[in-house]
Amino acid sequence: MFVHKVKSEGLSHLSYLVGNDGQAFVVDPRRDCEIYVEEAARAGCRITHIFETHRNEDLISGAPILASLTGARVLHGPNAAGDVAYADTTRDGDTFEFGNLRVRVLETPGHTDDSLSFAIYDTDFGEDAIGVFTGDALFIGDVGRTDFYPDRAGEVAGMLCDSLQKILKLGDQALVYPAHGAGSVCGDNMADREFSSLGYERKHNDMLGLSRNDFIDAKLAEHHYQPPYFRLMEKLNLTGAEPAPVVVTPRPLSPAEFRKLPAETAIVDVRTVSAFLGAHLPGSLAIPAPMIPAFAGWYIEPGQPVVLVASDPGQAREAAQHLIRIGLDNLTGFLTTDMPEWSARGLPFHSLPVMHVDDIRERFRNPPENWQLLDVRSKTEYEEEAIEGSVHIYAGELADNTDQLDKARHYTVMCASGARATIAASVLERAGFSKVDVFLGSFGAWKSTD
């Protein structure tokens with residue numbers, strides 16, 4: 001018997017291949033799903049079942065694709081806000097046998113109405129669960145968000161509380177296998193590790209120690225963002241998405257080809273923050289490759305053609321892989337030529353000034369004319385602590401809210417360290433703001449010299 005974890009970086013998505021007695025099942029596969037087939041073959045197992053803990057909002061499910069590769073049966077929970085075209089419905093108490101490995105279904109709604117957890121048992125060694133796949137109901141150090149049904153906010157928060165108690169009844173000995181780890185948009189306070197037990201969570205996960213009323217109040221007080229691409233994920237995860245492209249690395253483009261791109265093409269610079277600040281193509285978006293899962297879905301429309309600016313083919317491949325997992329895969333190609341060569345071939349480029357913490361303190365002492373500090377951290381971060389005199393617009397929502405800002409003003413953009421600020425500064429540049437710079441180090445630097 002084995003449990004093999006597959007992690008998708010950026011999304012911090014965790015899926016699992018579980019095998020025993022020549023059979024295997026997968027929990028929450030991602031779109032690029034060949035890895036499960038390969039790992040199962042190495043273990044001498046055939047994938048016969050695919051279990052989905054819920055209809056994911058932040059990534060494309062690979063369940064229908066993996067089913068077509070393996071002939072496996074897909075199982076999904078009830079109440080999915082539509083018919084899951086590629087899956088059969090499984091319900092509370094259903095069981096599945098894989099040799100001496102038994103899977104028992106638990107309906108655990110709250111994060112979503114269709115949420116399931118899957119308890120596993122070794123029937124050769126007692127009747128207690130040895131582990132549970134909790135989806136987005138229970139994380140390590142946190143619990144799932146409950147903001148997808150705003151008109152039923154209190155109800156679904158209470159449902160999640162009840163579901164968590166149901167999971168805890170499996171016993172302290174059971175290991176926890178969540179669908180996301182630290183860094184995911186699906187929770188705020190996940191521990192930076194991917195192993196735990198129900199006993200440990202019962203003792204150390206603060207949300208599990210609250211009364212039902214306090215739990216509901218805590219969930220209602222949370223603030224989460226829902227990028228526009230979530231709606232695309234919800235649709236595709238009902239109907240079933242197409243397989244990921246076989247060739248992931250986009251083709252290289254010459255500067256001449258770049259000049260002929262359609263006007264609607266999104267130019268996404270996936271290099272490091274420092275590289276973008278030093279020199280970048282006018283109108284390009286700065287989204288470093290590891291940050292694509294969190295931010296690309298705010299700025300790129302489904303079906304919109306995308307060209308990447310990358311340091312090398314490997315970086316372009318990494319960025320493309322992230323985009324493919326969230327359905328933004330109309331990739332035209334990528335540019336890798338450096339800025340001097342771009343300039344030599346007639347391509348213009350811009351740079352963004354950076355401000356040190358001492359510069360910002362001086363600006364507050366002697367404010368330049370028409371200057372404003374713009375904080376693009378999350379609402380929660382801003383409300384916890386902010387620099388007096390700053391204004392706030394979250395980086396993801398900035399593109400739709402530039403009308404709140406004055407193009408004649410000079411904006412210094414800040415976040416926690418400077419990465420999100422650089423993304424936001426590129427959004428402002430693309431929208432026609434000409435007086436923009438970035439507070440490098442941002443709130444972290446401000447606090448360290450306070």
State, with a plain yes or no, whether a side-chain heavy atom of [X] is found less than 4.5 Å away from one of [Y].
| X | Y | result |
| --- | --- | --- |
| Ile387 | Asp375 | no |
| Asn330 | Pro305 | yes |
| Phe364 | Leu373 | yes |
| Cys415 | Phe443 | no |
| Tyr149 | Glu155 | no |
| Glu107 | Pro78 | yes |
| Glu52 | Asp28 | yes |
| Thr146 | His111 | no |

To the nearest 0.5 angstrom, please state how far the [atom1] atom of [X] sits from the [atom2] atom of [Y].
| X | Y | atom1 | atom2 | answer |
| --- | --- | --- | --- | --- |
| Glu397 | Thr402 | CD | OG1 | 12.5 Å |
| Asp32 | Ile60 | CG | CD1 | 10.0 Å |
| Ile287 | Phe295 | CD1 | CZ | 8.5 Å |
| Glu34 | Leu66 | CD | CG | 9.0 Å |
| Met1 | Phe125 | CE | CZ | 9.0 Å |
| Tyr411 | Leu405 | OH | CG | 4.0 Å |

*Classify the side-chain pair Ser61/Asn56 by whether it contains a donor and acceptor separated by less than 3.5 Å.*
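Side chains of Ser61 and Asn56: no pair found under 3.5 Å.
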*Side-chain donor-acceptor pair present, Thr95, Tyr121, cut-off under 3.5 Å*: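 Note: Thr95 and Tyr121 side chains miss the donor-acceptor criterion.
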_Step-by-step side chain to side chain contact (heavy atoms under 4.5 Å, CB included) determination, Leu116 to Leu75_ = CA-CA 10 Å; Leu116 299 177; Leu75 285 308; over 6 Å; no
Just by distance, do the side chain of [X] and the backbone of [Y] share a donor-acceptor pair under 3.5 Å?
| X | Y | result |
| --- | --- | --- |
| Thr123 | Asn100 | yes |
| Glu201 | Gly141 | yes |
| Arg409 | Trp371 | yes |
| Ser68 | Ile65 | yes |
| Asp113 | Asn79 | no |
| Asp114 | Arg55 | yes |
| Tyr229 | Asp58 | yes |
| Asn237 | Leu59 | yes |
| Lys5 | Tyr177 | no |
| Asp122 | Asp124 | yes |

Using a 6.0 Å cut-off, check whether atom [atom1] of [X] has over 12 heavy atoms from anything other than its own residue.
| X | atom1 | answer |
| --- | --- | --- |
| Glu242 | CD | no |
| Asp88 | CG | yes |
| Glu264 | CD | yes |
| Arg46 | CZ | no |

*Can you tell which of Leu138, Thr134, Leu198, Thr108 makes a side-chain contact (heavy atoms from CB on, under 4.5 Å) with Leu164?*
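Testing Leu164 for a side-chain contact (heavy atoms from CB on, under 4.5 Å) against Leu138, Thr134, Leu198, Thr108 leaves exactly one candidate, Leu138.
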*Taking it one step at a time, do Tyr16 and Phe118 satisfy side chain to side chain contact (heavy atoms under 4.5 Å, CB included)?*
CA-CA 12 Å; Tyr16 303 90; Phe118 300 95; over 6 Å; no
*Verify the ring-centre separation between Phe133 and Phe51: is it less than 6.0 angstrom?*
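Distance test on ring centres: not under 6.0 Å, no.
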*Could you go through the side chain to side chain contact (heavy atoms under 4.5 Å, CB included) check for Phe96 and Thr90 one step at a time?*
CA-CA 10 Å; Phe96 302 85; Thr90 188; 3.7 Å; yes
What heavy-atom pair brings [X] and [Y] nearest, and what distance separates the two atoms?
| X | Y | value |
| --- | --- | --- |
| Glu301 | Leu328 | O-CD2, 4.1 Å |
| Ala320 | Leu308 | N-CD1, 4.1 Å |
| Val438 | Ala421 | CG1-CB, 4.0 Å |
| Ile324 | Arg31 | O-NH1, 2.8 Å |
| Leu238 | Ala80 | CD2-O, 3.7 Å |
| Asn370 | Ala408 | ND2-O, 3.4 Å |

*Under the side chain to side chain donor-acceptor pair (under 3.5 Å) rule, what do Ser378 and Thr380 come out as? Steps first, then yes or no, please.*
CA-CA 5 Å; Ser378 71; Thr380 301; 4.7 Å; no
*Show your reasoning for whether side chain to side chain contact (heavy atoms under 4.5 Å, CB included) applies to Gln226 and Arg231.*
CA-CA 9 Å; Gln226 295 189 32; Arg231 306 290 83 81; 2.9 Å; yes
How are the rings of [X] and [Y] set to each other: parallel, tilted or perpendicular (split at 30° and 60°)?
| X | Y | answer |
| --- | --- | --- |
| His223 | Tyr225 | perpendicular |
| His180 | Phe139 | perpendicular |
| Phe230 | Phe148 | tilted |

*Apply salt bridge (charged side-chain N to carboxylate O under 4.0 Å, His left out) to Glu381 and Arg420, showing your working.*
CA-CA 13 Å; Glu381 290 173 287; Arg420 285 174 292 177; 2.8 Å; yes
*asked:* Can you tell whether the side chains of Arg377 and Glu384 come within less than 4.0 Å, N to carboxylate O?
replied: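 A salt bridge is absent here (no side-chain N lies under 4.0 Å from a carboxylate O).
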_Regarding Asp162 and Arg212, does a basic nitrogen lie under 4.0 Å from an acidic carboxylate oxygen?_
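Salt bridge between Asp162 and Arg212, a charged N being under 4.0 Å from a carboxylate O: yes.
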